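Below is one structure, written out as structure tokens; comments come after it.
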Protein chains: 2
Amino acid sequence: MSDFKPLDPLLHSQLRLAIMSLLLSVKSAEFTFIKEKTEATAGNLSVQLDKLSKAGYIEIEKSFRDKKPLTTCKITKKGITAFESYVNALKDYLN
Amino acid sequence: MSDFKPLDPLLHSQLRLAIMSLLLSVKSAEFTFIKEKTEATAGNLSVQLDKLSKAGYIEIEKSFRDKKPLTTCKITKKGITAFESYVNALKDYLN
DNA sequence: TAATTTAGTTTATAATATAAACATGTTTAT
DNA sequence: ATAAACATGTTTATATTATAAACTAAATTA
């Protein structure tokens with residue numbers, strides 16, 4: 001688009017954008033925390049985290065705590081850059 | 001979402017957002033003009049204009065000029081309000 | 001008059017988002 | 001000890017959405 005820069009489809013999604021927004025403001029976040037904050041279903045969240053991870057926008061670490069699985073997420077440099085580009089591109093549309 | 005207001009799905013779409021953005025800045029716009037500015041295909045544009053029209057976000061007037069069909073679009077008050085709400089909700093996500 | 005262009009619409013397909021169903025193990029109640 | 005309920009996710013099926021290809025209809029040009 002001439003007047004409108006393309007919007008990274010990976011970020012132009014309500015849930016994934018919320019995830020990235022959250023992760024920008026913390027060092028790392030647990031699956032259940034993100035689930036609560038975004039009010040997403042576990043299934044949906046799992047899928048979207050996987051997509052962000054496969055794109056290299058976040059890092060996912062799986063471990064155990066109190067014998068229970070624990071999924072921890074962290075935004076990457078690539079993710080931060082992508083987010084910034086997205087916000088910048090979005091400006092074309094907001095005025 | 002608690003921390004994140006929902007984003008109007010009708011506006012959270014690259015092409016429809018570009019259309020609305022364009023229409024905000026002009027009194028009215030012709031189909032071909034919007035097509036050029038957004039670099040959308042005619043079919044896609046036709047579908048998306050129809051959706052915006054059905055939602056009452058824009059008004060579409062069909063006439064003829066030089067014996068050829070002429071489709072003219074105009075944003076409505078409802079559309080302006082919806083756009084403003086969308087931008088406002090989006091702020092939750094951008095920081 | 002046949003091919004091309006203009007201005008779109010309709011329909012088929014591809015991509016995406018989402019939730020329902022499932023898996024695996026843990027804790028609690030009986 | 002065993003069953004029921006809970007925790008933490010993943011996988012898969014479905015619904016929604018976006019998009020382009022195919023089509024229509026009239027006008028213009030060769």
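A, B, ... follow the sequence lines: proteins, then strands. Residue 1 opens every chain. What you are looking at is a predicted structure, and each value in this text was computed from that prediction instead of being measured.
- Atoms CD1 (I34(B)) and P (dA7(C)) sit 14 Å apart, rounded to a whole Å.
- Separating the CG atom of D66(A) from the P atom of dG25(C) is a distance of 17 Å, rounded to the nearest angstrom.
- Listed pair K51(B) / dA18(D) meets the phosphate criterion, a side-chain N or O lying under 4.0 Å from OP1 or OP2.
- We find that CZ of F33(A) is positioned 15 Å from P of dT8(D), with the value rounded to whole Å.
- Along DNA chain C, the nucleotide closest to V47(A) and the one closest to K62(B) are compared, and the more 5′ of them pairs with K62(B).
- T32(B) has no side-chain polar atom (N or O) that falls below the 4.0 Å cut-off from OP1 or OP2 of dA7(C).
- Of the candidate nucleotides dT19(D), dA7(C), dA7(D), dA7(D) has the atom nearest to the side chain of K68(A).
- Atom CZ in R65(B) sits roughly 19 Å away from atom P in dA26(D) (whole-Å rounding).
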With side chain to side chain contact (heavy atoms under 4.5 Å, CB included) as the criterion, how do L90(A) and L17(B) come out once you've worked through the C-alpha distance, each side chain's angles and the decisive distance to 0.1 Å? CA-CA 10 Å; L90(A) 199 57; L17(B) 196 62; 4.2 Å; yes
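- Nearest heavy-atom pair across L23(A) and I75(A) is O-CG2, 3.8 Å.
- When each of dT26(C), dG9(D), dG8(C) is scored by its nearest atom to the side-chain atoms of K67(A), the top-ranked nucleotide is dT26(C).
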Step-by-step side chain to side chain donor-acceptor pair (under 3.5 Å) determination, Q48(A) to N44(A): CA-CA 6 Å; Q48(A) 306 311 329; N44(A) 193 8; 3.0 Å; yes
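- The CD atom of E30(A) sits 15 Å away from the P atom of dA7(D) (whole-angstrom rounding).
- Between F64(B) atom CZ and dG8(C) atom C1' there is a gap of 11 Å when expressed in whole angstrom units.
- With a cut-off of 3.5 Å on both Watson-Crick or G-U wobble distances, the partner of dT24(C) is given as dA7(D).
- For S13(A), counting side-chain heavy atoms from C-beta on, the closest listed nucleotide (dA17(C), dT19(D), dG9(D)) is dA17(C).
- Remark: T41(A) is in phosphate contact with dA19(C), judged by side-chain N or O atoms under 4.0 Å from OP1 or OP2.
- For the side-chain hydrogen bond (donor to acceptor under 3.5 Å, both in side chains) with Y57(A), the lone residue among T76(A), D8(A), T81(A) that qualifies is D8(A).
- Of all nucleotides listed (dT16(C), dA19(C), dT11(D)), dT11(D) comes nearest to the side chain of S46(A).
- Checking dT10(D), dT18(C), dT19(D) against the side-chain heavy atoms of F31(A) singles out dT10(D) as nearest.
- Between E61(B) atom CD and dG8(C) atom P the separation is 13 Å, expressed in whole Å.
- In the set dT9(C), dA20(D), dA17(C), the nucleotide with an atom closest to the side chain of R16(A) is dA17(C).
- Note: CD (Q14(B)) to P (dT17(D)) measures 17 Å, nearest angstrom.
- Heavy atoms of L45(B) sit nowhere under 4.0 angstrom from any nucleic acid atom.
- The pair E30(A)-K35(A) fails the salt-bridge criterion, with no side-chain N (NZ, NE, NH1 or NH2) lying under 4.0 Å from an Asp/Glu carboxylate O.
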